[in-house]
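Keep in mind that this is a model prediction, so the values were computed, not measured. In the text below, chain A, chain B and the rest are named by the order of the sequence lines, each starting its count at 1. These numbers come from the heavy atoms of this one structure, side chains and all, not from hydrogens, waters or symmetry mates.
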Protein chains: 2
Amino acid sequence: MELTKSMEDYLESIYILKKQKRYVRIKDIVEKFNIAAASVTEAMLKLSKKNLVEHEKYGYIDLTEKGMEEARRVYSRHKILYKFLKNILLVSEGNSENDACEMEHIISKESYEKLVKFCDFVNKDTDTSSLLDKFHNSIDSKEGSCNDNGGDKMKNKRLNELKLGETGIILKIEGDKKLRKRLMDMGMLPGTDVKIVKVAPLGDPIEMKIKGFHLTIRKEDAKNILIED
Amino acid sequence: MELTKSMEDYLESIYILKKQKRYVRIKDIVEKFNIAAASVTEAMLKLSKKNLVEHEKYGYIDLTEKGMEEARRVYSRHKILYKFLKNILLVSEGNSENDACEMEHIISKESYEKLVKFCDFVNKDTDTSSLLDKFHNSIDSKEGSCNDNGGDKMKNKRLNELKLGETGIILKIEGDKKLRKRLMDMGMLPGTDVKIVKVAPLGDPIEMKIKGFHLTIRKEDAKNILIED
DNA sequence: TAAACTTATTAGGTGAGCCAAAATAGGAGG
DNA sequence: CCTCCTATTTTGGCTCACCTAATAAGTTTA
Ligand SMILES: [Mn+2]
Ligand SMILES: [Mn+2]
Ligand SMILES: [Mn+2]
Ligand SMILES: [Mn+2]
């Protein structure tokens, strides 16, 4: 059917308002969104034409069967996103609410379903709660970048993994002090842009352009240079 | 500065294209977004005026310092969202990519930062990997609704918790067989809408409207009825 | 070097989603 | 039933982000 974000929000708000007010009118939506009444009237007209709401002039607003269905689809996404942000990531009330109400319109069916499963799992599995606690404790203390050399999945590229012509930004130099100093003396400082300009047959040595000049290093050394991809 | 979604996408795409192509031109962006060339020209003009890109007529496109900064801000959100969807939720490549590139524009700073920490935690903590595996295994087999009575956090409301005038949808009836049968014979089936129309002093009994008629039940029984809020 | 092709720009439009101001309808009280 | 006041609708306008068609610049190619 292809509803726009704003149409979805109107439907959702009517759905929520009806839970509390029995009768929903233009004014209620105006107040909820802090929007001009003219805009709401216009929107209701459009939704009526699409058979999603019933609204007679100067009267009450109601969702049709179809409108109710759409509203519920949107609201279920809102809820799960809110719960994930608020209860798992511990995002503040306000940001959880806002982010959820934006993301609800764009999240794919698959992501939505997987997120439902994830929350479900976290809720049911007893082992998880302690781990979640651990995470929640760590949240305040930890630095958190997801950009250093963590586990298996989600690891950053290393310089030797860049292909010919590719560019990257140096993130971190590893290895022993001596090597680190040598590399850094050559100009390889975190934040610097590099571009691979030549690679020998077996990937060794590697020639790159950095700060305007060319530099050649051994593959073994390149492995110590983390690249922000 | 307030960049629109489309401006952010243009900046991000220029940033990404420059990693592979050194020179970015209108045509590259046209191909990337499958959009009319006129639209891209127009967008570059607007971005130039905002001092985010440099672009002389018929020439190459470059990010300014400011543009680079914005592009990186957007792209870092893209990456973390992608990683979360793809590697933690196991969402397909395509949906992870699309969802990430939509959400990157709307996620709050706080949610972004918490998500980074979360991914970081999952990556670093060894206990988590096994648990994550467990989740990944469960993903195919489980039903998953996040809407039944799970743990402490994220629990659903029960009928007795609805306030006067509020409405809800029956999700599930709990309690022993006999009670369940009795309630369901009265019309309380999952999916049914209920609305609280009267509540006695101490919340007992509760009168509700359901399928057009009124029904009164004891608070003790109402506790067994889960409501989708 | 002029025609042919590719790429980019200009000009003129469209629809979504908002707004302010003016016009109207409905309801409450005299 | 007339008068106010509030809620709603109508009207006309605006910005954003697209589009098509016409034109112009740049690049090959014969
Ligand atoms: Mn929303
Ligand atoms: Mn919402
Ligand atoms: Mn994007
Ligand atoms: Mn993106």
What is the distance, to the nearest angstrom, from the [atom1] atom on [X] to the [atom2] atom on [N]?
{"X": "B:I29", "N": "C:dT7", "atom1": "CD1", "atom2": "C1'", "answer": "13 Å"}
{"X": "A:Y58", "N": "C:dG27", "atom1": "OH", "atom2": "P", "answer": "12 Å"}
{"X": "B:D9", "N": "D:dA17", "atom1": "CG", "atom2": "C1'", "answer": "12 Å"}
{"X": "A:K27", "N": "D:dT8", "atom1": "NZ", "atom2": "P", "answer": "8 Å"}
{"X": "B:E56", "N": "C:dT7", "atom1": "CD", "atom2": "P", "answer": "19 Å"}
{"X": "A:H105", "N": "C:dG17", "atom1": "NE2", "atom2": "P", "answer": "11 Å"}
{"X": "A:I61", "N": "D:dA7", "atom1": "CD1", "atom2": "C1'", "answer": "12 Å"}
{"X": "A:K5", "N": "C:dG15", "atom1": "NZ", "atom2": "C1'", "answer": "18 Å"}

Do any side-chain nitrogens or oxygens of [X] fall under 4.0 Å of OP1 or OP2 in [N]?
{"X": "B:Y10", "N": "D:dC18", "result": "yes"}
{"X": "B:K57", "N": "C:dT9", "result": "no"}
{"X": "B:R25", "N": "C:dT7", "result": "no"}

Would you please name every residue forming a salt bridge (Lys or Arg N to Asp or Glu O under 4.0 Å) with [X], sequence neighbours left out?
{"X": "A:E12", "value": "none"}
{"X": "A:E31", "value": "A:K27"}
{"X": "A:R25", "value": "none"}
{"X": "B:K198", "value": "B:E207"}

Can you tell whether the side chains of B:R73 and B:E70 come within less than 4.0 Å, N to carboxylate O?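 Salt bridge present between B:R73 and B:E70.
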Does the distance from a Lys or Arg side-chain N to an Asp or Glu carboxylate O, for A:E161 and A:K223, drop under 4.0 Å?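 Salt bridge absent between A:E161 and A:K223.
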Out of D:dG26, D:dA17, D:dT10, whichever nucleotide has its closest atom nearest the side chain of B:T4: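 Nucleotide nearest to B:T4's side chain: D:dA17.
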Any residue meeting ring pair (Phe, Tyr, Trp, His ring centres under 6.0 Å) with B:Y58, in chain and number order, not counting sequence neighbours: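 Testing B:Y58 for ring pair (Phe, Tyr, Trp, His ring centres under 6.0 Å), a comparison that skips the adjacent residues, returns none.
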Does anything in residues 33-55 of chain A come within less than 4.0 Å of DNA chain D? Heavy atoms only, and list the residues if so.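 Nucleic-acid contacts, sorted: A:A37, A:A38, A:T41, A:H55.
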